[in-house]
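What follows is a single structure, written as C-alpha cells, with notes after it.
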Amino acid sequence: MSSKHHCVKLNDGHFIPALGFGTSIPNEVPKSKSLEAVHLAIDAGYHHIDTASAYQIEEEIGQAIQSKIKAGVVKREDMFITTKLWCTCFRPELVKPALEKSLKNLQLDYADLYIMHYPVPMKSGDKYLPVDDKGKWLLDTVDFCDTWEMLEKCKDAGLVKSIGVSNFNHKQLERLLNKPGLKYKPVCNQVECHLYMNQSKLLDYCKSKDIVLVAYGALGTQRYKEWVDQNSPVLLDDPVLCDVAKKNKRSPALIALRYLVQREVVPLAQSFKENEMRENLQVFEFQLSPEDMKTLDGLNKNFRYLSAEFLAGHPEYPFSEEY
C-alpha cells in the first residue's frame, strides 16, 4: 500500500486503508449497478474495496478493478481487496477451493484480506442459503477454529496477505485467540457499527487485542427492503446528527463516518452516487471536537439493522451476547 493514503496498521504488519468502499447488494439491485459503482469509486480515489463470495458480484468487481489497472488509473499493489469465506464453506477441505474460486472471479492472484463472514457454519452444497423441504435453514457443526487453521494455510500459501473474521462477538474472538497452536491472530473483526450501534465494548475489547474493527452499515445501511425493516429509524435523518453536521458545515454522512474514523474504526461507505463517494473521502479533512464526539456517543441505542435471523437457531449465533 502506498503511504500517501490514510491507513491503519494491522497486527501482521500490513496496512488497511482507513476508509473502504462496501459492495453488498441484495437481489433487488442489478449487478451492473455494482460494476458501475466500483468504477466510479476507484476513479474517485477509493483503494480499499470490500466484497464477499455471498454477494455474488465478485466477477463484476474483478472486471472493474482489471479495467482500471489496464487503463493505468491504479496499480494492483495500491489496491486493498477484501473478500469473505461464506458459511457453507467452513469445512476445512472447502476453504482453499472457496478462496481460489473467489480469486478467479476477482481476476486476482491474491486477496489482501480474507475473512470468515460469520462464526456460524451452514450445510455445504451449491446453495448460499440452504433450506430443508420445510423451509428451515440448514446449519452445520464445524468448529470455526478448524476453519481458521485453513485460513492460516491460505496465508502461508500466498493466496492472501491478511486474515480476519466478521460478526464475531468477544467470546468467540477470545476462543479463537486462545486456540492451541494459533499461528496468526485475526487482523480485524468486521461488524455492523454506526451511531445507533457504536460497539464501544467490542471496540475496546478489539483494541486491547490489537484487532481492527471494520464497520459495515456505517451510514445506517442502504435500507434494502430485502434485509432491513423499513420502519427502522433512518440514521442520516437523526436530528442530533443533523445539528452536529450543520455546526461543522458537513453532511450528516460525513459526520457519521468521521465519528467512526476518530474512534479508530475503519468504516465501509457504500454509495451508488459519484458525488457522495467523493464527498465521503473528505472524512480525513476535518476533526470533530470532544464535545461533538460526546454528543454523538449519546445516540447509541444498540440498534442492529442487520440481525442475520437466518443463523439464529445455532449455538454460535453471535448476537445473543451483549457484545
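In this chain, residues are counted from 1 in sequence order. Remember, it's a predicted structure, so these values are computed and weren't measured experimentally.
The number of heavy atoms from other shown groups lying within 6.0 Å of NZ (Lys171) does not exceed 12. Within a 6.0 Å sphere centred on CG of Asn275, other residues, nucleotides and ligands contribute more than 12 heavy atoms. More than 12 heavy atoms of other shown residues, nucleotides or ligands fall within 6.0 angstrom of atom CD in Glu100. In the displayed structure, Lys155 atom NZ is contacted under 6.0 Å by more than 12 heavy atoms of other residues, nucleotides or ligands.
Centroid-to-centroid, the aromatic rings of Phe21 and His47 stay 6.0 Å apart or farther. In this structure, Phe168 has its ring center under 6.0 Å from that of Phe144. Aromatic rings of Tyr323 and His170 (six-membered ring for Trp) have centroids within the 6.0 Å cut-off, being under it.
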>> Determine whether Met150 and Lys96 satisfy the following criterion, side chain to side chain contact (heavy atoms under 4.5 Å, CB included), listing intermediate values before the conclusion.
In response: CA-CA 7 Å; Met150 300 314 290; Lys96 190 168 175 240; 5.6 Å; no
>> Run the side chain to side chain donor-acceptor pair (under 3.5 Å) test on Asn169 and Tyr205 for me, step by step, so that the C-alpha distance in whole Å, both residues' side-chain angles and the decisive distance to 0.1 Å come before the verdict.
In response: CA-CA 10 Å; Asn169 62 43; Tyr205 176 83; over 6 Å; no
>> For a side chain to side chain contact (heavy atoms under 4.5 Å, CB included) check, start with the C-alpha distance between Phe284 and Leu19, then their side-chain angles and the critical distance, and finish with the verdict.
In response: CA-CA 9 Å; Phe284 304 111; Leu19 177 68; 3.9 Å; yes
> Between Gln172 and Glu316, is a side chain to side chain donor-acceptor pair (under 3.5 Å) present by the stated rule, with each step listed?
Replying inline: CA-CA 8 Å; Gln172 291 165 326; Glu316 293 292 3; 3.1 Å; yes
>> With salt bridge (Lys or Arg N to Asp or Glu O under 4.0 Å) as the criterion, how do Lys104 and Asp109 come out once you've worked through the C-alpha distance, each side chain's angles and the decisive distance to 0.1 Å?
In response: CA-CA 8 Å; Lys104 183 167 175 269; Asp109 299 326; over 6 Å; no
>> Pair Glu58, Thr83 - check side chain to side chain donor-acceptor pair (under 3.5 Å), show working.
In response: CA-CA 8 Å; Glu58 286 175 320; Thr83 191; 2.6 Å; yes
> Do Asn167 and Tyr216 pass the side chain to side chain contact (heavy atoms under 4.5 Å, CB included) test, and can you show the C-alpha distance, the side-chain angles, and the key distance before you say yes or no?
Replying inline: CA-CA 10 Å; Asn167 296 304; Tyr216 67 77; 2.6 Å; yes
>> Walk me through whether Lys183 and Asp156 qualify under salt bridge (Lys or Arg N to Asp or Glu O under 4.0 Å).
In response: CA-CA 10 Å; Lys183 190 166 183 185; Asp156 283 339; 2.7 Å; yes
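Cluster annotation: Ile69 and Val73 are assigned to the same hydrophobic cluster (Ile/Leu/Val/Met/Phe/Trp/Tyr, side-chain heavy-atom contacts under 4.5 Å, transitive). Using a 4.5 Å cut-off between side-chain heavy atoms of Ile, Leu, Val, Met, Phe, Trp and Tyr, with links allowed through other members, Tyr110 and Ile61 fall into different hydrophobic clusters. The hydrophobic clustering, which links ILVMFWY residues whose side-chain heavy atoms are closer than 4.5 Å, places Tyr118 and Leu138 apart.
For Cys89, the side chain to side chain contact (heavy atoms under 4.5 Å, CB included) partners are Leu85, Leu94, Ala98, not counting sequence neighbours. Considering only residues two or more places apart in sequence or on other chains, Leu35 meets the side chain to side chain contact (heavy atoms under 4.5 Å, CB included) condition with His39, Glu60, Gln63, Ala64. Applying the side chain to side chain contact (heavy atoms under 4.5 Å, CB included) rule to Thr88 yields the partners Trp86, Met122, Pro130; only residues at least two apart in sequence or on another chain are considered. Glu149 meets the side chain to side chain contact (heavy atoms under 4.5 Å, CB included) test with Glu152, Lys179; sequence neighbours excluded.
Asn248 places no side-chain N or O within 3.5 Å of a backbone atom of Leu288 that could act as its donor or acceptor partner. No donor-acceptor pair closer than 3.5 Å links the side chain of Ser53 to the backbone N or O of Ser102. Although no hydrogens or angles enter the test, the distance criterion places no donor-acceptor pair under 3.5 Å between the side chain of Asp210 and the main chain of Asn11. Panel note: side chain Arg258, backbone Gln287; no donor-acceptor pair is recorded below 3.5 Å. With hydrogens and angles ignored, the 3.5 Å screen pairs a side-chain donor or acceptor of His314 with a backbone N or O of Asp140.
Of the listed residues (Arg76, Lys161, His48), just one forms a side-chain hydrogen bond (donor to acceptor under 3.5 Å, both in side chains) with Asp112, and that residue is Arg76.
Once rounded to the nearest 0.5 Å, the distance linking CG of Asn302 with CZ of Arg304 reads 8.5 Å. In this structure, the separation between OG on Ser251 and CD on Gln282 is 8.0 Å, given to the nearest 0.5 Å. The distance from atom NE2 of His194 to atom CG of Leu241, rounded to the nearest 0.5 Å, is 12.5 Å. From Gln270, atom CD reaches atom OG of Ser24 across 4.5 Å, with rounding to the nearest 0.5 Å. Distance check, rounded to the nearest 0.5 Å: CG of Asn198 to CG of Leu203 gives 8.5 Å. Note that CE of Met197 and CG of Asn300 are 7.5 Å apart. Values are rounded to the nearest 0.5 Å.
Lys84 forms no cation-pi arrangement with Tyr114, by the criterion of a distance under 6.0 Å to the ring centre and an angle within 45° of the ring axis. With a 6.0 Å cutoff to the six-membered ring centre and a 45° limit on the axis angle, Arg278 does not count as a cation-pi contact of Tyr46.
Across all their heavy atoms, Ile255 and Ala245 have their closest contact at CG1-CA, 3.6 Å. Summarising the geometry of Leu182 relative to Leu176, their closest heavy-atom pair is CD1-O, 3.6 Å, with the distance given to 0.1 Å. Shown here for Gly313 and Leu139, the closest heavy-atom pair between the two residues is C-CD1, 4.2 Å.
Side-chain contact between Val120 and Pro318 is present, with heavy atoms from C-beta onward closer than 4.5 Å. Using a 4.5 Å heavy-atom threshold, the side chains of Asn178 and Glu174 count as touching. Side-chain contact between Gln190 and Leu268: present, with at least one pair of heavy atoms (C-beta onward) separated by less than 4.5 Å. When side chains are defined from C-beta on, Leu99 does not count as touching Val95, because their heavy atoms never get closer than 4.5 Å. Contact check for Val191 versus Gln199: side-chain heavy atoms found under the 4.5 Å cut-off. Residues Ile163 and Ile115 are not in side-chain contact: their nearest non-hydrogen atoms beyond the backbone lie 4.5 Å or more apart. Taking the side chain as every heavy atom from C-beta outward, Val212 and Cys206 never approach each other to under 4.5 Å. The closest side-chain heavy-atom distance from Pro252 to Cys242 is below 4.5 Å.
The salt bridge (charged side-chain N to carboxylate O under 4.0 Å, His left out) pairs that include a residue from residues 240-254 are Lys247-Asp292, where partners are two or more places apart or lie in different chains. Within the structure, ring-ring contact (aromatic ring centres under 6.0 Å, His included) pairs that include any residue of residues 231-263 do not occur (at least two apart or interchain).
Remark: Asp12 does not engage Lys185 in a salt bridge, criterion side-chain N to carboxylate O under 4.0 Å.
Classified by interplanar angle (parallel below 30°, tilted 30° to 60°, perpendicular above 60°), the ring pair Tyr196/Phe303 is perpendicular.
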